Amino acid sequence: MSITVYVPSDSCAVSMGADQVAAAISKQAQNRGLEVNIVRNGSRGMYWLEPMVEVATAAGRVAYGPVQKSDVEGLFEADFLNGGAHELNLGLTEELDYFKRQQRLTFARVGITDPISLDDYIKHDGYRGLKNALAMNSADIVKHVTDSGLRGRGGAAFPTGIKWNTVLNTPAEQKYIICNADEGDSGTFSDRMIMEGDPFVLVEGMTIAGLGVGATQGYIYLRVEYPHAEETLNAAIAAAYEAGYLGDNILGSGHSFHLEVRIGAGAYVCGEETSLMESLEGKRGLVRFKPPLPAISGLFGKPTVVNNVISLASVPIILDKGGDYYRDFGMGRSRGTLPIQLSGNIKHPGLVESAFGLTLRELLYDFGGGSASGRPIRAVQVGGPLGSYMPESQFDTPLDYEAFSAIWAVLGHGGIVVFDDTVNMAEMARYSMEFCAVESCGKCTPCRIGSTRGTEVMDAIINGDNLSKNIPLLRDLCDTLLNGSLCALGGMTPYPVLSALNHFPEDFGGHDQANAA
Amino acid sequence: MTDLNGKQEAVRNAIASLKDKPGALLPILHSVQDALGYIPAESIPEIAKALNLSRAEVHGVISFYHYFRETPPGKHTVHVCRAESCQAMGSKRLESHVKSKLGIDYHETTADGKFSLEPVYCLGLCARSPSMQIDDAVYGRVTDDRFDEIVNELETSL
Ligand SMILES: Cc1cc2nc3c(=O)[nH]c(=O)nc-3n(C[C@H](O)[C@H](O)[C@H](O)COP(=O)(O)O)c2cc1C
Ligand code: SF4
Ligand code: FES
């Protein structure tokens with residue numbers, strides 16, 4: 001009988017040699033006359049163990065990792081196909097502490113199933129949400145999402161139910177669902193993991209969204225940096241069409257939903273929803289003034305839902321188990337679970353999905369195991385390039401949208417980037433200004449000119465030039481960006497810059513000057 | 001000239017198969033760049049005409065997006081991640097090593113036409129920083145030595 005072996009096709013596992021490992025396993029098995037069925041699954045999200053190979057045994061899936069192709073022969077010698085002892089044997093995957101302590105709702109199947117097998121998806125509770133939704137009217141679908149308390153996971157944390165309701169109640173002959181898969185924030189990769197590891201959950205979520213608001217066309221706007229995700233998404237979409245889960249008359253219900261992947265072209269600002277729509281329309285990604293809201297007049301002037309990948313991928317379980325089930329996870333007004341991404345200088349980088357409420361300290365030390373370098377963790381940037389740098393004194397903040405905004409920080413897309421004590425925070429502040437200058441769409445002066453000026457001022461500060469004048473000037477520029485920008489690219493660049501300056505003044509030429517403003 | 005014919009054909013194919021899509025310009029530009037490695041200036045009038053746009057509009061779109069290029073790339077394109085997670089794991093050092101090994105700066109191509117170098121702001125491989133992409137292949141935890149190995153291998157395979 002053939003034995004099933006899982007080798008992730010997740011691009012981050014591939015970046016560590018997963019393809020070569022899969023090839024080596026297949027070759028060894030052939031040489032030894034053994035029947036092995038290799039499934040290319042997603043990643044369980046324990047990236048320091050990738051490539052992590054799993055073998056299906058009677059006791060459950062046994063993990064080995066990190067496996068290099070040179071380890072493969074030894075693994076066969078050690079009878080890993082039957083869970084044999086080997087120095088890379090990690091035990092049962094589900095019993096690994098990092099994994100066991102999570103609450104996986106949105107990521108329930110990632111790393112477990114074959115991402116492009118519709119059968120496998122259905123076997124693991126897939127499409128139950130859609131089946132429920134097909135038996136409801138639009139208002140009830142939207143009500144479940146509203147009741148779940150789901151807030152947009154793409155950054156702004158706007159309640160998804162309210163957005164959907166606006167689109168539902170705006171009459172139009174054509175409406176659209178856009179999935180924002182532009183995931184440009186450094187330190188974030190949960191969208192990528194869903195798209196590579198369980199694309200059907202996104203397809204299902206978008207289909208439900210279409211039913212909920214009366215939209216028949218969906219677009220996934222995917223960044224060009226994610227070619228692996230493009231491949232998996234297209235395979236899943238083709239399979240869903242084939243089996244009648246997409247297209248005209250879905251499962252004989254009389255409802256239609258069409259879905260297409262569109263590729264971006266390397267502009268960070270195209271993650272901003274109005275810029276994204278301009279780009280989808282074939283234009284330069286210039287940010288639009290709001291109002292009108294996209295929910296009223298969006299893509300091609302029609303009512304449009306724009307939601308992040310994780311927001312949409314959380315919808316199937318909400319429709320499967322009910323809005324209340326999802327809402328019962330979390331704290332305060334932050335309901336459900338958040339896929340948290342740990343990266344940078346951390347010993348155990350990876351994905352942790354858990355209810356809101358964990359603290360940074362728990363994530364950094366209990367899950368993350370401290371810094372990778374073994375040096376003290378000095379700063380963490382949460383929420384991508386527009387998020388604040390947080391010092392150790394703030395590590396007890398719970399993950400909760402309101403708790404973060406109370407200390408002028410943002411949770412954003414849940415990415416946490418860790419820096420040890422060798423980091424120079426003035427250099428990081430300079431980088432933020434430079435990033436803003438490189439990525440500015442150019443529509444407004446504070447952002448376009450201010451960021452270039454900001455980079456120059458940071459150069460002067462790093463040089464130690466006239467600090468008593470330049471630090472107040474930096475604060476002044478930040479103030480202009482904060483108040484004068486049309487979108488959050490210019491409007492939030494002051495978060496990393498000022499938080500670096502305020503929490504780490506010693507890197508800006510000393511305490512006194514930094515506070516002289 | 002066959003080269004010119006090849007280019008024209010790629011552009012015509014892209015236009016013919018994609019022009020009826022709503023918002024067709026980006027898909028067309030991608031298709032041309034996938035086929036040719038860049039978007040030749042000569043193709044702009046034809047694309048503009050097919051979509052009923054001005055040449056300036058098409059050029060404006062090409063130049064807005066970092067990914068589109070109007071000059072041919074080298075045989076291999078190296079994308080080095082410059083974003084924060086990679087910086088936290090030493091990408092700045094790696095960047096200078098890459099530049100000196102290839103002898104070029106960002107947005108340049110080596111004199112022998114073998115390599116182009118481009119920055120990228122996150123490849124989503126942050127959990128294995130520092131990272132880079134060469135053509136379609138992704139690499140995590142890149143050290144100076146690993147970079148040299150990869151590049152030497154590509155050089156000999158040329
Ligand atoms: C500069 C900028 C970049 C953004 N990038 C993304 C992105 O990559 N993905 C995303 O989902 N939202 C991004 N957003 C937020 C979107 O504008 C929008 O709020 C979001 O897609 C809405 O979906 P949600 O409600 O499900 O979060 C960005 C916003 C700004 C200002
Ligand atoms: S803040 Fe910057 S990116 Fe945003 S609209 Fe203004 S110029 Fe464009
Ligand atoms: S920051 Fe380099 S891959 Fe994300």
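Remember, predicted model here, so these are calculated numbers, not experimental data. By convention in this document, chain letters (A, B, ...) are assigned in the order of the sequence lines, proteins followed by strands, and residues within each chain are numbered from 1.
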Can you tell me if [X] uses its side chain to pair, donor with acceptor, with the backbone of [Y] under 3.5 Å?
| X | Y | value |
| --- | --- | --- |
| B:R141 | A:S15 | no |
| B:S85 | A:G344 | yes |
| B:H30 | A:V224 | no |

Is chain B contacted by the side chain of [X], its backbone, both, or neither, given a heavy-atom distance below 4.5 Å?
| X | value |
| --- | --- |
| A:V269 | side chain |
| A:E281 | backbone |
| A:H228 | side chain |
| A:M428 | side chain |
| A:I263 | both |
| A:D185 | backbone |
| A:E260 | side chain |
| A:A229 | neither |
| A:S11 | both |
| A:C441 | both |

inquiry  = Counting heavy-atom pairs under 4.5 Å with chain A, which one of B:S129, B:A24, B:G60, B:S63 comes out on top?
reply    =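 Looking at each of B:S129, B:A24, B:G60, B:S63 in turn, B:G60 comes out on top.
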task = Just give me the residue among B:G90, B:A83, B:A137 that pairs up with chain A most often, heavy atom to heavy atom, under 4.5 Å.
result = B:A83
request  = Please report the C-alpha distance between A:L286 and B:F64 in whole Å, then the side-chain angles of each, then the deciding distance to 0.1 Å, and finally whether the side chain to side chain contact (heavy atoms under 4.5 Å, CB included) criterion is met.
outcome  = CA-CA 9 Å; A:L286 295 182; B:F64 180 85; 4.2 Å; yes
Heavy atoms from other residues, nucleotides or ligands near [atom1] of [X] exceed 12 (cutoff 6.0 Å):
| X | atom1 | answer |
| --- | --- | --- |
| A:K347 | NZ | no |
| B:D105 | CG | yes |
| B:E118 | CD | yes |

From [X] [atom1] over to [Y] [atom2], what is the distance, rounded to the nearest 0.5 angstrom?
| X | Y | atom1 | atom2 | value |
| --- | --- | --- | --- | --- |
| A:Q381 | B:E84 | CD | CD | 4.5 Å |
| A:I346 | B:M89 | CD1 | CE | 10.0 Å |
| A:L280 | B:K21 | CG | NZ | 11.0 Å |
| A:R192 | B:C126 | CZ | SG | 8.0 Å |
| B:L125 | A:D10 | CG | CG | 8.5 Å |
| B:Y67 | A:R223 | OH | CZ | 12.5 Å |

Count the heavy-atom pairs under 4.5 Å between each of [options] and chain B, then report the option with the highest count.
| options | result |
| --- | --- |
| A:E439, A:E183, A:E50 | A:E439 |
| A:G384, A:G442, A:P227, A:S279 | A:S279 |
| A:F189, A:Y47, A:Y431 | A:Y431 |
| A:P385, A:A372, A:G184 | A:P385 |
| A:P349, A:S186, A:G187 | A:S186 |
| A:G17, A:G282, A:C12, A:A265 | A:A265 |

query = Which atom pair, heavy atoms only, marks the closest approach of A:F300 to B:P22?
reply = CZ-CB, 3.4 Å
ask   = Any side-chain heavy atom of B:R128 sitting closer than 4.5 Å to one from A:W48?
value =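 In contact.
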Aromatic centroids of B:Y121 and A:Y268 separated by under 6.0 Å =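 Centroid separation for A:Y268 and B:Y121: 6.0 Å or greater.
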request  = Check the pair A:K283, B:L25 against side chain to side chain contact (heavy atoms under 4.5 Å, CB included), reporting the backbone distance first and the verdict last.
outcome  = CA-CA 8 Å; A:K283 305 176 196 149; B:L25 182 53; over 6 Å; no
key: Distance-only donor-acceptor check, side chains B:H79 and A:E225, under 3.5 Å   = no
Under 4.5 Å from any heavy atom of chain A - which part of B:R146 = side chain
request  = Below 4.5 Å from any heavy atom of chain A, which atoms of B:V120 appear? Answer side chain, backbone, both or neither.
outcome  =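 Side chain of B:V120 only, per the 4.5 Å heavy-atom cut-off to chain A.
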message = Could you check whether B:R82 pairs with A:E434 (Lys NZ or Arg NE/NH1/NH2 to Asp/Glu carboxylate O, under 4.0 Å)?
response = yes
query = Taking it one step at a time, do B:K92 and A:E427 satisfy side chain to side chain contact (heavy atoms under 4.5 Å, CB included)?
reply = CA-CA 11 Å; B:K92 281 200 167 172; A:E427 295 280 355; 3.6 Å; yes
request  = Go through the steps for B:E57 and A:R284 under the test salt bridge (charged side-chain N to carboxylate O under 4.0 Å, His left out), then give the verdict.
outcome  = CA-CA 9 Å; B:E57 280 171 307; A:R284 301 193 293 158; over 6 Å; no
